[in-house]
Amino acid sequence: MRAIIETGGKQYRVAPGQRLLVERLHGEPGDQVELDRVLLLENEGEVVVGSPTIDGAKVLAHVLGQPRGPKLTVFKFKAKVRYRRKTGHRQEQTELRIGDIVRAEQPAPARRRRAAPAASAEAAPPDPEKEEETSGT
C-alpha cells in the first residue's frame, strides 16, 4: 500500500517502512505522529483520490530524530554602494519512519430518495374560501 501525503507545504509519496525527512513536526524521538492530510491511496491497483483529502485516512509514523538541514549561505549585495550582508540558515527537520497506512472505512453509499412529484395547481383540492369570494356576485 502506498499513499501521497502533505505536510509542511510539500507532498511526499510514502510506503510502510520508508524513512523520510520532512519539515519540523512536534514530537520527541520515539513518539508516534499521525499525518492525516492523505491526498491519494493506492492498494494493489485500486486507487482512491481525495478531494482534496481522503476523510478518515491517515499515515502513522515514528519520529526517529530532529536533525537540522545543511547550512545555506545567504549573501545580499548591492553594487556600487558598499552594501554586503552574509548570513546563514539551517532548516529544522524531522526524520520519520512510516509505519501503517490506515484507510478510512467507507460507509455504504447513501441511497437517493426520489423527490415527490410537484403538485400542479389543477390537481390541488379547491380552497373553500376562494370559492366563496368568487361566487359572491
Side-chain angles (χ1 to χ4, degrees):
M1 179 176 258
R2 292 187 288 181
I4 295 179
I5 61 170
E6 180 182 352
T7 180
K10 299 180 180 96
Q11 296 178 4
Y12 302 93
R13 185 172 69 184
V14 297
Q18 180 180 352
R19 293 172 71 131
L20 183 66
L21 275 176
V22 298
E23 297 287 322
R24 184 70 178 252
L25 297 174
H26 295 289
E28 297 297 319
D31 288 351
Q32 185 173 2
V33 294
E34 280 186 12
L35 304 168
D36 59 353
R37 299 233 353 125
V38 179
L39 306 175
L40 181 137
L41 285 174
E42 178 189 358
N43 187 18
E44 299 175 7
E46 179 187 351
V47 177
V48 178
V49 179
S51 60
T53 61
I54 300 171
D55 292 332
K58 59 187 168 186
V59 173
L60 303 176
H62 295 281
V63 176
L64 299 177
Q66 300 281 4
R68 294 172 69 189
K71 186 168 187 173
L72 301 177
T73 302
V74 180
F75 188 73
K76 298 179 181 180
F77 171 82
K78 291 187 181 177
K80 302 178 186 173
V81 292
R82 295 184 180 177
Y83 175 83
R84 292 170 184 85
R85 300 290 183 268
K86 182 177 178 180
T87 59
H89 175 74
R90 291 186 72 185
Q91 184 66 39
E92 301 280 335
Q93 297 177 330
T94 299
E95 187 176 7
L96 300 174
R97 186 182 70 237
I98 304 299
D100 292 331
I101 298 174
V102 179
R103 185 175 180 178
E105 293 297 324
Q106 295 188 1
R111 300 181 93 192
R112 285 189 165 178
R113 301 181 78 192
R114 289 188 184 181
S120 64
E122 296 171 6
D127 190 10
E129 293 180 7
K130 286 188 177 181
E131 287 183 15
E132 292 177 13
E133 292 175 9
T134 56
S135 61
T137 50

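The shown structure was predicted, so the numbers you read here are calculated from the model rather than taken from an experiment.
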Enquirer: Taking all non-hydrogen atoms of both residues, which atom of G99 and which atom of P16 are closest, and how far apart?
Expert: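 Between these two residues, the closest heavy atoms are O-CB, 3.3 Å.
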Enquirer: CZ/R68 to CD/E92 distance, rounded to the nearest 0.5 angstrom?
Expert: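 Here the interatomic distance stands at 5.5 Å.
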Enquirer: For atom CZ of R24, is the number of surrounding heavy atoms from other residues, nucleotides or ligands below 6.0 Å larger than 12?
Expert: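 Enclosed: over 12 neighbouring heavy atoms sit under 6.0 Å from CZ of R24.
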Enquirer: Is it the case that the side chain of Q18 and the backbone of A15 share a donor-acceptor pair, with hydrogens and angles ignored and the cut-off at 3.5 Å?
Expert: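 Checking the backbone N and O of A15 against the side chain of Q18, a donor-acceptor pair under 3.5 Å is found.
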Enquirer: NE2 of H62 to CZ of R19: how many Å apart, nearest 0.5 Å?
Expert: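 Atom-to-atom, H62:NE2 and R19:CZ are 13.0 Å apart.
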Enquirer: Can you measure from CZ (R13) to CG (L20) and round to the nearest 0.5 angstrom?
Expert: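 If we round to the nearest 0.5 Å, R13:CZ and L20:CG are 12.0 Å apart.
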Enquirer: Can you check whether L40 reaches V49 side chain to side chain, under 4.5 Å on heavy atoms?
Expert: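 Yes, their side chains come closer than 4.5 Å.
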Enquirer: Treating Ile, Leu, Val, Met, Phe, Trp and Tyr as nodes and any side-chain heavy-atom pair under 4.5 angstrom as an edge, say whether V14 and L64 lie in one connected cluster.
Expert: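 Per the 4.5 Å side-chain linkage, V14 and L64 are not co-clustered.
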Enquirer: Would you please test V74 and K86 for side chain to side chain contact (heavy atoms under 4.5 Å, CB included) and show each step?
Expert: CA-CA 6 Å; V74 180; K86 182 177 178 180; over 6 Å; no
Enquirer: Is the backbone N or O of H26 less than 3.5 Å from a side-chain atom of Q66, with the two atoms forming a donor-acceptor pair by type?
Expert: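 Looks like no, no N/O pair under 3.5 Å.
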Enquirer: Using a 4.5 Å cut-off on heavy atoms from C-beta on, say whether the side chain of T94 contacts that of L21.
Expert: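 With C-beta onward as the side chain, the pair stays apart.
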Enquirer: Determine the minimum heavy-atom distance between L25 and L96, stating which atoms define it.
Expert: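 Scanning both residues completely, I find the closest heavy atoms to be CD1-CD1, 4.0 Å.
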Enquirer: Per the side-chain contact (heavy atoms from CB on, under 4.5 Å) rule, which among V48, I4, I101, V47 passes with E42?
Expert: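 Exactly one candidate clears the test, V47.
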Enquirer: Enter the distance from T53:OG1 to R37:CZ here, rounded to the nearest 0.5 Å.
Expert: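 The distance works out to 5.5 Å.
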Enquirer: In this structure, are over 12 heavy atoms from other groups packed under 6.0 Å from R90 atom CZ?
Expert: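 For R90, atom CZ is crowded (more than 12 foreign heavy atoms under 6.0 Å).
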Enquirer: Determine, stepwise, if the pair R82 / R84 fulfils side chain to side chain contact (heavy atoms under 4.5 Å, CB included).
Expert: CA-CA 6 Å; R82 295 184 180 177; R84 292 170 184 85; 4.3 Å; yes
Enquirer: Give me the atom names and distance for the closest heavy-atom approach of P67 to E95.
Expert: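 Closest heavy-atom pair between P67 and E95: CD-N, 4.0 Å.
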Enquirer: Linking I/L/V/M/F/W/Y whenever any side-chain heavy atoms sit under 4.5 Å apart, do I54 and V59 land together?
Expert: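 Yes; V59 is reachable from I54 via cluster members.
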Enquirer: Looking at L41 and A57, what are the two nearest heavy atoms and their distance?
Expert: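 Of all heavy-atom pairs spanning L41 and A57, the closest is CD1-CB, 4.0 Å.
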Enquirer: With rounding to the nearest 0.5 angstrom, report the NZ to CG distance, K58 to D36.
Expert: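 That separation rounds to 8.5 Å.
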Enquirer: In Å and rounded to the nearest 0.5 Å, what is the OG1 to CG distance from T7 to L35?
Expert: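 Separation between the atoms: 5.5 Å.
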Enquirer: Does any part of the side chain of V22, heavy atoms only, come nearer than 4.5 Å to the side chain of K10, both counted from C-beta?
Expert: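 Side-chain contact under 4.5 Å: no.
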